[in-house]
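Only one structure is covered here, and it is reproduced in the block below.
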Amino acid sequence: MKIIACYSNKGGVGKTATSVNLAYASAHAGYRTLLCDLDPQGASSFYFRVKPSAKLKDQSFFKDTERFLKAIRASDFDNLDLLPANLTFRDFDIFLSRMKQSRSRLNKALKAVNSDYDVIILDCPPNISLLSENVFKVAEKIVVPVIPTTLSQRTLEQLYAFFKDNGYQRPKISPFFSMVQKAKSLHKDTMTAIRKKHRKTLETVVPFSTYIERMGIHRAPALSYASNEKAVAAYASLWREIDAKVK
């Protein structure tokens with residue numbers, strides 16, 4: 001089972017759009033895929049028209065295997081299931097801080113579905129927290145959308161520094177450029193600078209696109225309704241690149 005996290009310590013960079021489309025691409029490629037929505041805002045759940053489980057609350061996410069399994073919902077797409085978020089997920093750090101081995105709890109929870117899925121995609125909230133540290137430990141790859149601007153570049157450097165200072169595996173971090181507008185010189189210059197410094201930056205670039213913005217209207221992965229559009233097709237390319245790196 002492969003565990004891939006879509007994570008950024010900065011909001012508004014296309015993290016959920018990436019999570020949803022990577023999960024769709026994985027399932028479309030024939031992998032049994034679970035998208036685990038860890039963000040209490042529940043945007044991934046919204047895109048797939050899936051309501052959160054009323055019973056998966058508080059510490060049960062990490063302690064109650066039966067409730068965890070019952071909370072998983074089928075999507076409208078073959079091979080693709082979803083573990084929807086609810087607002088109590090905002091208190092994950094409180095629960096984790098009270099538990100022994102608090103940085104390994106997510107790994108233990110996901111073991112409950114180890115034999116049921118080939119790929120798990122984690123849609124993570126945009127912060128550095130105990131939950132994030134669980135993600136850093138359990139994920140094989142941490143896919144980081146980066147809008148090529150000064151602030152996004154700064155938060156990427158903060159993430160690398162956090163990994164270095166806390167002993168996490170920096171090679172897990174796989175940045176890629178999101179919402180790119182190549183007509184902007186700032187975008188081009190920033191991409192050049194980041195690629196020069198971080199050799200593991202993924203080759204795939206996802207352009208800014210209204211087709212991706214319309215996911216909220218369609219409530220579906222962009223790949224399911226606009227796969228021929230260049231910007232949207234980039235997600236399929238992104239999945240193939242990631243898949244090749246975690247085999």
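What you see is a predicted model, and the numbers here were worked out from it, not measured in a lab.
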### Message
Looking at Ser152 and Ile147, would you say the former's side chain and the latter's main chain have a donor-acceptor pair under 3.5 Å?
### Response
yes
### Query
Would a 4.5 Å heavy-atom cut-off, applied to side chains only, mark Pro125 and Leu131 as touching?
yes
### Distance in Å, Arg195 CZ paired with Thr190 OG1, rounded so as to fall on 0.5 Å steps
12.5 Å
### Query
If two hydrophobic side chains count as joined below 4.5 Å and joins carry through other members, does Ile242 share a cluster with Val232?
yes
### Query
How far apart are the C-alpha atoms of Phe162 and Glu133, what are their side-chain angles, what is the distance that settles it, and do they pass the side chain to side chain contact (heavy atoms under 4.5 Å, CB included) test?
CA-CA 10 Å; Phe162 184 85; Glu133 293 192 70; 3.9 Å; yes
### Query
Taking all non-hydrogen atoms of both residues, which atom of Ala17 and which atom of Ile212 are closest, and how far apart?
CB-CG2, 4.1 Å
### Query
How close do Cys6 and Thr18 get, heavy atom to heavy atom, and via which atoms?
SG-CG2, 3.9 Å
#### Entry: Step-by-step side chain to side chain contact (heavy atoms under 4.5 Å, CB included) determination, Arg105 to Phe61
CA-CA 9 Å; Arg105 283 289 172 174; Phe61 184 100; over 6 Å; no
#### Entry: SB check Asp123 Lys15 (cutoff 4.0 Å)
yes
### Query
When you measure from the side chain of Lys141 to the backbone N and O of Pro171, does any donor-acceptor pair fall under 3.5 Å?
yes
### Query
Taking side chain as C-beta onward, heavy atoms only, is Leu82 less than 4.5 Å from Ile72?
no
### Task
May I have the step-by-step check of side chain to side chain donor-acceptor pair (under 3.5 Å) for Ser129 and Ser132, ending in yes or no?
CA-CA 5 Å; Ser129 61; Ser132 303; 3.2 Å; yes
### Task
Could you tell me whether the side chain of His187 and the main chain of Gln181 form a donor-acceptor pair under 3.5 Å?
yes
### Task
Would you indicate whether the side-chain heavy atoms of Leu202 and Phe177 approach each other to under 4.5 Å?
no
### Message
Rounded at 0.5 Å granularity, tell me how far OG in Ser8 sits from CG in Leu156.
### Response
8.5 Å
### Query
For the ring pair Phe68 and Phe62, is the centre-to-centre distance below 6.0 Å?
no
### Cluster overlap Val135 with Ile121, hydrophobic side-chain contacts below 4.5 Å
no
### Query
Quick one: CD1 on Ile128 to CG on Asn166, what's the gap to the nearest 0.5 Å?
8.5 Å
### Query
If two hydrophobic side chains count as joined below 4.5 Å and joins carry through other members, does Tyr225 share a cluster with Val50?
yes
### Query
With no hydrogens and no angle check, is any side-chain donor or acceptor of Asp64 less than 3.5 Å from a backbone partner on Arg67?
yes
### Query
Is it true that atom CD of Gln41 has more than 12 heavy atoms of other residues, nucleotides or ligands lying nearer than 6.0 Å?
no
### Message
Please determine whether a side-chain nitrogen of the Lys or Arg among Lys245 and Glu140 lies less than 4.0 Å from a carboxylate oxygen of the Asp or Glu.
### Response
no
### Query
For Ser224, does its backbone N or O pair with a side-chain atom of Ser227 as donor and acceptor, under 3.5 Å?
no
### Task
Would you check if the distance from the ring center of Tyr160 to the ring center of Phe163 is below 6.0 Å?
no
#### Entry: Exercise: identify the closest heavy-atom pair between Ser75 and Leu80
OG-O, 2.6 Å
### Query
Is there a donor-acceptor pair under 3.5 Å between the side chain of Glu241 and the backbone N or O of Glu203?
yes
### Query
Can you tell me if Arg49 uses its side chain to pair, donor with acceptor, with the backbone of Asp76 under 3.5 Å?
no
### Task
Start with the C-alpha gap between Ser19 and Leu35, add the side-chain angles, then the distance that decides, and say whether side chain to side chain contact (heavy atoms under 4.5 Å, CB included) holds.
CA-CA 8 Å; Ser19 302; Leu35 175 56; 4.1 Å; yes
### Query
Is the backbone of Phe136 close enough, under 3.5 Å, to the side chain of Lys172 for a donor and an acceptor to pair up by distance?
yes
### Query
Going hydrophobic residue to hydrophobic residue with side-chain gaps under 4.5 angstrom, can you get from Ile173 over to Tyr168?
yes
### Task
Please indicate whether Tyr211 has more than 12 foreign heavy atoms, meaning atoms of other residues, nucleotides or ligands, lying under 6.0 Å from its OH.
no
#### Entry: Any Leu122 side-chain heavy atom under 4.5 Å of Ile4 side chain
no
### Query
Linking I/L/V/M/F/W/Y whenever their side-chain heavy atoms sit closer than 4.5 Å, directly or via other members, would Leu106 and Val119 fall into one cluster?
no
### Query
With distance as the sole test, does Arg73 use its side chain to make a donor-acceptor pair with the main-chain N or O of Lys70 at under 3.5 Å?
yes
### Query
Do you know which two heavy atoms are closest between Val205 and Pro207, and how far apart they sit?
O-CD, 3.4 Å
### Query
What distance separates Tyr117 OH from Leu110 CG, expressed to the nearest 0.5 Å?
11.5 Å
### Side chain proximity check, Phe176 to Leu238, heavy atoms < 4.5 angstrom
yes
### Query
Got Val13 and Val146 here, is their nearest side-chain heavy-atom distance under 4.5 Å?
no
### Query
In Å, rounded to the nearest 0.5 Å, how long is the span from CG of Leu223 to CD of Glu229?
11.5 Å
### Message
Testing the basics here: between Val206 and Ala231, what is the closest heavy-atom pair and its distance to 0.1 Å?
### Response
CG1-O, 4.0 Å
### Task
Using ring pair (Phe, Tyr, Trp, His ring centres under 6.0 Å) as the criterion, point out the one residue from Phe77, Phe48, Trp239, Tyr47 that pairs with Tyr24.
Phe77
#### Entry: Trace of the side chain to side chain donor-acceptor pair (under 3.5 Å) decision for Asn9 with Thr155
CA-CA 7 Å; Asn9 44 323; Thr155 54; 4.6 Å; no
### Message
Could you go through Leu130 and Ser97, starting from their C-alpha distance and side-chain angles, then the distance that decides it, and tell me whether this counts as side chain to side chain contact (heavy atoms under 4.5 Å, CB included)?
### Response
CA-CA 8 Å; Leu130 267 176; Ser97 67; 3.9 Å; yes
### Message
Under 4.0 Å between a side-chain nitrogen and a carboxylate oxygen: does that hold for Arg32 and Asp81?
### Response
no
### Message
Counting C-beta onward and ignoring hydrogens, is there a side-chain heavy-atom pair between Arg219 and Phe46 closer than 4.5 Å?
### Response
yes
### Query
Under 3.5 Å, is there a donor-acceptor pair between the side chain of Tyr7 and the main chain of Asn127?
yes
### Task
Answer yes or no: is there a side-chain heavy-atom contact under 4.5 Å between Asn107 and Asn134?
no
### Query
Between atom CG of Asp91 and atom CG of Leu96, what is the distance when rounded to the nearest 0.5 Å?
11.0 Å
### Task
Indicate the atoms forming the closest heavy-atom contact of Leu83 with Ala71, along with that distance.
CD1-CB, 3.7 Å
